[in-house]
Amino acid sequence: MSDLSIRTISADEHGAYVAARPSASFLQTPGWAAVKSEWKAESLGWYDPANPAELVGAGLVLYRQMPKVKRYLAYLPEGPVIDWDAVDLGRYLRPLAAHLQEHGAFGVRMGPPVATRRWGAKTIKDAIASGQQPKLGDVRADVIEPSGATVAAQLRALGWKAPKAGEGFAAGQPQYVFQVPLAGRTQEDLLKGMNQLWRRNIKKAEKAGVEVTQGGPEDLKAFHALYVETAERDHFTPRPLPYFVKMLDAMANQPAGCCDFRIYNAYHQGDLVASTIWVRVGGHSWYSYGASSTAKRDVRGSNAIQWRMMADALAAGASVYDLRGITDTLDPNDPHVGLIQFKVGTGGEAVEYVGEWDLPLNKALYTAFDLYMRRR
């Protein structure tokens with residue numbers, strides 16, 4: 001079979017294609033380009049020469065310029081949106097590489113949305129308790145996805161390289177995430193799947209009078225103030241308020257049906273105790289950002305707001321509620337393990353993806369850019 005053709009498409013074409021898919025990352029929606037406005041962006045579409053009018057794949061490419069040189073790293077976060085089960089992925093990826101090279105790319109990075117392994121909540125809980133396996137990747141998986149190995153083998157054969165953990169260009173998307181499957185389940189099923197502490201905390205929040213409401217743009221400042229408080233407490237660098245304003249505007253102005261973006265607030269006696277950002281594209285919903293107050297932690301606003309978002313994802317027809325990234329540490333003495341334990345309490349599963357793969361198009365520039373990103 002011949003390779004597919006590829007060309008720039010409009011945001012509306014791109015958005016309509018993504019909206020018609022059962023699942024796609026919100027990082028691959030055309031609106032995400034406006035969030036990452038410091039990068040140059042392009043919407044790409046794949047077409048079959050046998051039927052040149054039919055769009056068979058789409059991708060958002062972000063171009064990051066190399067310092068002092070008009071050459072770029074081309075990045076497709078959690079994408080592109082193509083048929084990853086294709087017998088020959090080269091039909092998609094060869095024309096992609098050629099197009100990006102023509103547009104000045106010295107290298108390509110992409111994150112295929114393809115799972116490799118899954119671990120259930122009980123397996124993770126037991127591994128943490130034993131203290132014998134400090135890394136999730138060392139624990140025997142409950143499910144091994146055959147498509148993961150197939151895609152990885154094809155990528156290697158096509159010259160793509162899988163970055164080693166902790167190496168390569170800075171800041172990609174997480175390889176390990178935590179998800180709660182929703183398909184075919186009821187709210188009762190979800191509650192039963194949670195551990196006793198989670199169920200107790202949800203009831204405790206309800207008894208304490210915690211109210212969870214869906215907010216709007218006017219709530220962004222309050223969300224951000226709480227988010228900064230959370231960052232100081234948990235020792236991470238917060239994003240500035242304009243980033244979230246840009247994110248809300250970009251997601252709200254997507255082509256019709258492409259993306260659902262919401263702010264949730266949890267109040268106790270008029271005090272904001274938790275605030276979160278929720279996103280849905282097709283059957284996939286995400287807990288994207290969250291914040292909670294140091295005061296009144298005993299009213300369990302974080303549990304209440306997560307339960308509301310999960311229930312709303314179910315009501316919206318989502319098949320997955322995604323709590324986003326986790327580290328792969330299971331060491332009981334590692335401070336990061338607390339976040340994993342919080343997410344494990346939902347009764348979901350840890351999912352490993354194939355990770356972000358690189359294709360050097362100009363090896364000298366690719367190596368130079370990698371060194372630059374490591375030293376920043």
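Every value quoted in this text rests on a predicted model; they were computed, and no experiment measured them.
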Handout entry: Within 6.0 angstrom of E218 CD, more than 12 heavy atoms from elsewhere
Key = yes
Practice task
Measure the spacing between CG of L158 and CG of L89 and express it to the nearest 0.5 Å.
Solution key: 7.0 Å
Exercise for the section: Give a yes or no on whether the backbone of E145 and the side-chain of R117 come within a donor-acceptor separation of less than 3.5 Å. Expected result: no
Problem - Partners passing salt bridge (Lys or Arg N to Asp or Glu O under 4.0 Å) against D126 (at least two apart in sequence or in another chain) - result: K122
Problem - Donor-acceptor under 3.5 Å (S319 side chain, A183 main chain) - result: no
Exercise for the section: Please name all residues satisfying salt bridge (Lys or Arg N to Asp or Glu O under 4.0 Å) with R94, sequence neighbours left out, ordered by chain then number. Expected result: D3, D88
Fill in the blank from the handout: In this structure, CG of L191 is separated from CD1 of I202 (nearest 0.5 Å) by 5.5 Å
Problem - Single-linkage hydrophobic cluster, 4.5 Å side-chain cutoff, M310 and F26 together - result: no
Problem - Residue Q65 excluded, over 12 heavy atoms near CD under 6.0 Å - result: yes
Handout entry: K204 (side chain) donor-acceptor with V299 (main chain) under 3.5 angstrom
Key = no
Handout entry: Note, W32 side chain near S25 side chain (heavy atom, < 4.5 Å)
Key = no
Exercise for the section: Answer yes or no: are there more than 12 heavy-atom neighbours, outside Q196 itself, under 6.0 Å from its atom CD? Expected result: no
Handout entry: Rounded distance (nearest 0.5 Å) linking atom CD1 of I340 with atom OH of Y176
Key = 10.5 Å
Practice task
Kindly compute the distance separating CG (N362) from CZ (R71), expressed to the nearest 0.5 Å.
Solution key: 5.5 Å
Exercise for the section: Find the distance between CZ (R140) and CG (D138) and round it off to the nearest 0.5 Å. Expected result: 14.5 Å
Practice task
Examine distances only and state if a side-chain atom of Q341 and a backbone atom of L339 form a donor-acceptor pair shorter than 3.5 Å.
Solution key: no
Problem - Contact check, side chains of L60 and L27, non-hydrogen atoms, under 4.5 Å - result: no
Exercise for the section: Provide the closest heavy-atom pair for L182 versus A318 in the form atom of the first, atom of the second, distance. Expected result: CB-O, 3.5 Å
Exercise for the section: Determine the minimum heavy-atom distance between D189 and G184, stating which atoms define it. Expected result: OD2-O, 4.2 Å
Handout entry: W278 and Y287 aromatic centres sub-6.0 Å
Key = no
Practice task
Would you kindly confirm whether V351 and F178 end up in one hydrophobic cluster when ILVMFWY residues are joined by side chain heavy atoms under 4.5 Å apart?
Solution key: no
Completion exercise
What one should report as the nearest heavy-atom pair of G209 and H268 is C-CD2, 4.4 Å
Practice task
Could you give me the CA-CA distance, side-chain angles and deciding distance for M309 and T276, then say whether side chain to side chain contact (heavy atoms under 4.5 Å, CB included) is met?
Solution key: CA-CA 9 Å; M309 289 194 297; T276 53; 3.2 Å; yes
Practice task
Look only at the side chain of S285 and the backbone of V281, and say whether a donor-acceptor pair between them is shorter than 3.5 Å.
Solution key: no
Handout entry: Cluster link V180 to V279, ILVMFWY, side chain under 4.5 Å
Key = no
Exercise for the section: Report yes if the side chains of L55 and I9 come closer than 4.5 Å at any heavy-atom pair, otherwise no. Expected result: yes
Sequence neighbours left out, cut at 3.5 Å: what donor-acceptor pairs do the side chains of residues 236-260 make with other protein atoms?
unit_1 : atom_1 : unit_2 : atom_2 : d
R239   : NE     : Y289   : OH     : 2.8
K246   : NZ     : S37    : OG     : 2.7
N253   : ND2    : D249   : O      : 2.9
Q254   : OE1    : G31    : N      : 2.8
Q254   : NE2    : T29    : OG1    : 2.7
D260   : OD2    : R262   : NE     : 3.3
D260   : OD2    : R262   : NH2    : 3.0

Fill in the blank from the handout: So CG of N303 and CG of L197: to nearest 0.5 Å the spacing works out to 7.0 Å
Handout entry: Connected via hydrophobic side-chain network under 4.5 Å: I277 and L226
Key = no
Exercise for the section: Count the heavy atoms of every other residue, nucleotide or ligand shown that sit under 6.0 Å from CD of Q133, and state whether that count exceeds 12. Expected result: yes
Problem - Pair Q179-D322, side-chain donor/acceptor within less than 3.5 Å - result: yes
Practice task
Verify whether one side chain among T123 and D142 offers a donor that lies under 3.5 Å from an acceptor in the other.
Solution key: yes
Exercise for the section: Could you tell me whether K125 atom NZ has more than 12 heavy atoms of other residues or ligands within 6.0 Å of it? Expected result: no
Exercise for the section: Measure the acute angle between the ring planes of Y75 and W39, then classify it against the limits of 30° and 60° as parallel, tilted or perpendicular. Expected result: tilted
Practice task
Verify side chain to side chain donor-acceptor pair (under 3.5 Å) between T213 and N265, making sure each step is shown before the conclusion.
Solution key: CA-CA 5 Å; T213 60; N265 297 313; 4.6 Å; no
Exercise for the section: Kindly give the heavy-atom pair with the smallest separation between I6 and P95, and that separation in Å. Expected result: CG2-O, 3.6 Å
Handout entry: ILVMFWY network linking I305 to Y267, side-chain heavy atoms under 4.5 angstrom
Key = no
Exercise for the section: Compute the centroid of each ring, for Y227 and then for H224, and state whether the two points are separated by less than 6.0 Å. Expected result: yes
Problem - Candidate pair S292 and R233, rule side chain to side chain donor-acceptor pair (under 3.5 Å), full reasoning - result: CA-CA 10 Å; S292 61; R233 185 183 67 235; 2.9 Å; yes
Problem - Closest non-hydrogen atom pair between Q187 and A311, with its separation - result: NE2-CB, 3.7 Å
Handout entry: Residues Y353 and Q175: side-chain donor-acceptor under 3.5 angstrom
Key = no
Exercise for the section: Measure from the side-chain N and O atoms of D83 to the backbone N and O of D85, and report whether any donor-acceptor pair falls under 3.5 Å. Expected result: yes
Practice task
Spell out, as yes or no, whether a donor-acceptor pair under 3.5 Å connects the side chain of S43 to the backbone of A11.
Solution key: no
Using residues 96-108 as the side-chain source, report each donor-acceptor pair under 3.5 Å to any protein atom, sequence neighbours left out, with the distance given to one decimal.
unit_1 : atom_1 : unit_2 : atom_2 : d
H99    : NE2    : E42    : OE1    : 3.3
H99    : NE2    : E42    : OE2    : 3.0
H103   : ND1    : H99    : O      : 2.8

Fill in the blank from the handout: Note: R118 and A115 closest approach over all heavy atoms is NH2-CB, 3.8 Å
Handout entry: Check: A86 main-chain N/O paired with Q154 side-chain donor or acceptor under 3.5 Å
Key = yes
Exercise for the section: Could I get the full list of salt bridge (Lys or Arg N to Asp or Glu O under 4.0 Å) partners for K36, not counting sequence neighbours? Expected result: none
Problem - Any side-chain heavy-atom pair of R109 and L76 under 4.5 Å - result: no
Practice task
Indicate whether any N or O donor in one side chain lies under 3.5 Å from an N or O acceptor in the other, for E13 and S10.
Solution key: yes
Handout entry: Donor-acceptor contact below 3.5 Å, side chain R308 vs main chain A304
Key = no
Practice task
Would you confirm whether D334, through its side chain, and D331, through its main-chain N or O, come within 3.5 Å as a donor-acceptor pair?
Solution key: no
Completion exercise
Applied to residues 304-343, the ring-ring contact (aromatic ring centres under 6.0 Å, His included) test, sequence neighbours excluded, yields W198-F342
Practice task
Would you kindly say whether T294 and E229 are connected by a side-chain donor-acceptor distance under 3.5 Å?
Solution key: yes
Exercise for the section: Give a yes-or-no answer on whether the side chains of D358 and Y366 include a donor-acceptor pair shorter than 3.5 Å. Expected result: yes
Practice task
Please check if any side-chain donor atom of Q173 sits under 3.5 Å from a side-chain acceptor atom of R324, or the reverse.
Solution key: yes
